[in-house]
Engineer: 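Sharing a structure with you now.
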Amino acid sequence: MAGNRCSRRRVTPRWWPEPSCSDGSGASTTSPAVGDRRYPAPVADDDAKRTLHGYLRKAREAMVWKLDGLSEYDVRRPLTPTGTNLLGLVKHLSIVEAGYFGKTFDRPFAEDLPWWDEGAEEQIDMWVTADETRAEIVGRYRRVWLHADVTIDDLPTDSPGHVPWWSEPDVTLHTMLVHVLAETNRHAGHADILREQLDGSVGMRSDNSNVPEHDAAGWAELRDRIEQAARTAGS
């Protein structure tokens, strides 16, 4: 006797399209309806690129905004045991974008970035020397944006690139957009915490804090509740 070939269906996420199944009559028993949220319409390449690029632009601006109002010492000072600091994060991201949207696609950034050269001082891409100015670091980051934006605008998302030190070195522009967006947002999260440690300033972007409005007493009360919950769980 012929069985229903979907009688032993593997479990899949609810948003994943289920296979079209037959009950033996030849008719499909799982035909997605138009507009069904489990079956999102394909996203056009231009729409995907526009969305990723838009989020990247916002993350870049957030990184620079986290420096506003701080002294030269505070933007440079190490705030973790491994030396993480705000201006160093900006310096690092300028190298990230210059490389991944530059040499990766045979479109090198015109300025010399010696921080990853053989013989360079250890982790020099992650911190700022006394001789390097804030204006220099931020200005270069903004120029890197312009160079990267031309690459992003000029190339289709399936354009091939090459990152020789990756385990799978053959990449596409789409891959690099996702990668750089993820890395920039990761470091923006680092910057959020570093800035709060310095002077209590919080917020996602200059135009959208995305944080509840509390005064100092309100935040202290919330922190005490979280601390008490942690102590109770840990006892």
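The first residue in the sequence is number 1, and the count goes up from there. Keep in mind it's a predicted model, so treat the numbers as computed, not measured.
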Engineer: Between atom CG of Asp224 and atom CZ of Arg231, what is the distance when rounded to the nearest 0.5 Å?
Structural biologist: 10.5 Å
Engineer: Is there a donor in the side chain of Asp199 and an acceptor in the side chain of Ser201, or the other way round, less than 3.5 Å apart?
Structural biologist: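 On atom types as modelled, these side chains qualify, holding a pair under 3.5 Å.
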Engineer: Do you know which two heavy atoms are closest between Leu67 and Arg134, and how far apart they sit?
Structural biologist: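 Where Leu67 meets Arg134 most closely, the heavy atoms are O-NH1, 3.3 Å.
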Engineer: For residues Val64 and Arg142, determine if any side-chain heavy atom of one lies less than 4.5 Å from a side-chain heavy atom of the other.
Structural biologist: yes
Engineer: Judged by modelled atom types alone, do Asp106 and His162 share a side-chain donor-acceptor pair under 3.5 Å?
Structural biologist: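 Their side chains do not contain a donor-acceptor pair, so the 3.5 Å distance test is not met.
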Engineer: Using a strict 4.0 Å threshold on nitrogen-to-oxygen distance, state whether Glu61 and Arg57 make a salt bridge.
Structural biologist: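 Salt bridge: no.
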Engineer: Taking atom CG of Leu198 and atom OH of Tyr73, what is their separation to the nearest 0.5 Å?
Structural biologist: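 If we round to the nearest 0.5 Å, Leu198:CG and Tyr73:OH are 9.5 Å apart.
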Engineer: Does Glu227 have more than 12 heavy atoms from other residues, nucleotides or ligands lying within 6.0 Å of its CD?
Structural biologist: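 Result for CD/Glu227: enclosed.
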Engineer: So do Glu183 and His92 actually touch side chain to side chain, heavy atoms under 4.5 Å?
Structural biologist: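 Heavy-atom side-chain distance check passes, below 4.5 Å.
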Engineer: Could you tell me which residues satisfy side-chain hydrogen bond (donor to acceptor under 3.5 Å, both in side chains) with Ser235, sequence neighbours excluded, listed by chain and number?
Structural biologist: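 Per chain and number, Ser235 pairs via side-chain hydrogen bond (donor to acceptor under 3.5 Å, both in side chains) with no residue.
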Engineer: List the atom of Pro108, the atom of His147, and the distance in Å for their closest heavy-atom pair.
Structural biologist: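 Shortest heavy-atom contact: O-CE1, 3.4 Å.
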Engineer: If we count only N and O atoms by modelled type, under 3.5 Å, do the side chains of Thr151 and Arg107 hold a donor and an acceptor together?
Structural biologist: yes
Engineer: According to the ring-ring contact (aromatic ring centres under 6.0 Å, His included) rule, which pairs have a member within residues 198-229, sequence neighbours left out?
Structural biologist: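 Listed by first then second residue: His214-Trp219.
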Engineer: Without swapping roles, check the side chain of Thr104 against the backbone of Gly99 for a donor-acceptor pair under 3.5 Å.
Structural biologist: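 At least one qualifying donor-acceptor pair exists.
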Engineer: If you measure from the Lys or Arg side-chain nitrogens to the Asp or Glu carboxylate oxygens, is any gap between Asp125 and Lys91 under 4.0 Å?
Structural biologist: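 Lys91 and Asp125: not salt-bridged.
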Engineer: Can you measure from CG (Asp149) to NE2 (His53) and round to the nearest 0.5 angstrom?
Structural biologist: 3.5 Å
Engineer: In Å, rounded to the nearest 0.5 Å, how long is the span from OH of Tyr100 to CG of Leu93?
Structural biologist: 11.5 Å
Engineer: Show the nearest heavy-atom pair for residues Ala59 and Asn185, with the distance to one decimal.
Structural biologist: CB-OD1, 3.6 Å
Engineer: Are Ile226 and Val202 linked, directly or through other ILVMFWY residues, by side chains that come within less than 4.5 angstrom of each other?
Structural biologist: yes
Engineer: Given side chains that start at C-beta, do those of Val178 and Leu52 come closer than 4.5 Å, heavy atoms only?
Structural biologist: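 Yes, close enough: below the 4.5 Å cut-off.
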Engineer: Donor-acceptor pair, distance only, cut-off 3.5 Å: does the side chain of Lys49 make one with the backbone of Leu155?
Structural biologist: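 A pair under 3.5 Å: yes.
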Engineer: Write down the atom of Arg195, the atom of Trp65, and the distance for their closest heavy-atom approach.
Structural biologist: NH1-O, 4.2 Å
Engineer: Is there a side-chain contact between Phe101 and Val96 in this structure, where contact means two heavy atoms from C-beta onward sitting under 4.5 Å apart?
Structural biologist: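 Not in contact.
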Engineer: Any non-hydrogen side-chain atom of Thr175 less than 4.5 Å from a side-chain atom of Trp166?
Structural biologist: yes
Engineer: Is there a side-chain contact (heavy atoms from CB on, under 4.5 Å) between Thr80 and Leu194 once you walk through the steps?
Structural biologist: CA-CA 9 Å; Thr80 71; Leu194 297 182; 4.2 Å; yes
Engineer: Does Leu86 belong to the same Ile/Leu/Val/Met/Phe/Trp/Tyr cluster as Ile193, with side-chain heavy atoms less than 4.5 Å apart forming each link?
Structural biologist: no
Engineer: Between Glu136 and Arg140, does at least one N-O distance fall below 4.0 Å, as a salt bridge requires?
Structural biologist: yes
Engineer: Nearest 0.5 Å, please: how far is CG in Asp192 from NE2 in His187?
Structural biologist: 13.0 Å
Engineer: Write down the atom of Tyr141, the atom of Thr184, and the distance for their closest heavy-atom approach.
Structural biologist: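 The answer is OH-CG2, 4.2 Å.
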Engineer: Does CD in Glu221 sit with more than 12 non-hydrogen atoms of other residues, nucleotides or ligands closer than 6.0 Å?
Structural biologist: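 Not more than 12 within 6.0 Å, no.
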Engineer: Go through it in stages, so that I can follow the logic: the residues are Thr172 and Thr157, the test is side-chain contact (heavy atoms from CB on, under 4.5 Å), and I'd like the CA-CA distance, side-chain angles, deciding distance and then a yes or no.
Structural biologist: CA-CA 7 Å; Thr172 64; Thr157 54; over 6 Å; no
Engineer: Please give me the minimum heavy-atom distance between Leu113 and Ala98, naming the atom from each residue.
Structural biologist: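 Scanning both residues, the minimum pair turns out to be CD1-CB, 3.5 Å.
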Engineer: Quick one, Gln123 and Thr82 - any side-chain contact, counting heavy atoms below 4.5 Å?
Structural biologist: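 Side chain of Gln123 against side chain of Thr82, heavy atoms only: no contact under 4.5 Å found.
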Engineer: Can Arg77 and Asp74 be counted as an ion pair, charged N to O under 4.0 angstrom?
Structural biologist: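 Between Asp74 and Arg77 there is a salt bridge, with a charged N closer than 4.0 Å to a carboxylate O.
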Engineer: About how many Å separate CG of Leu173 and CG of Asp154, when rounded to the nearest 0.5 Å?
Structural biologist: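 Result: 10.0 Å between the selected atoms.
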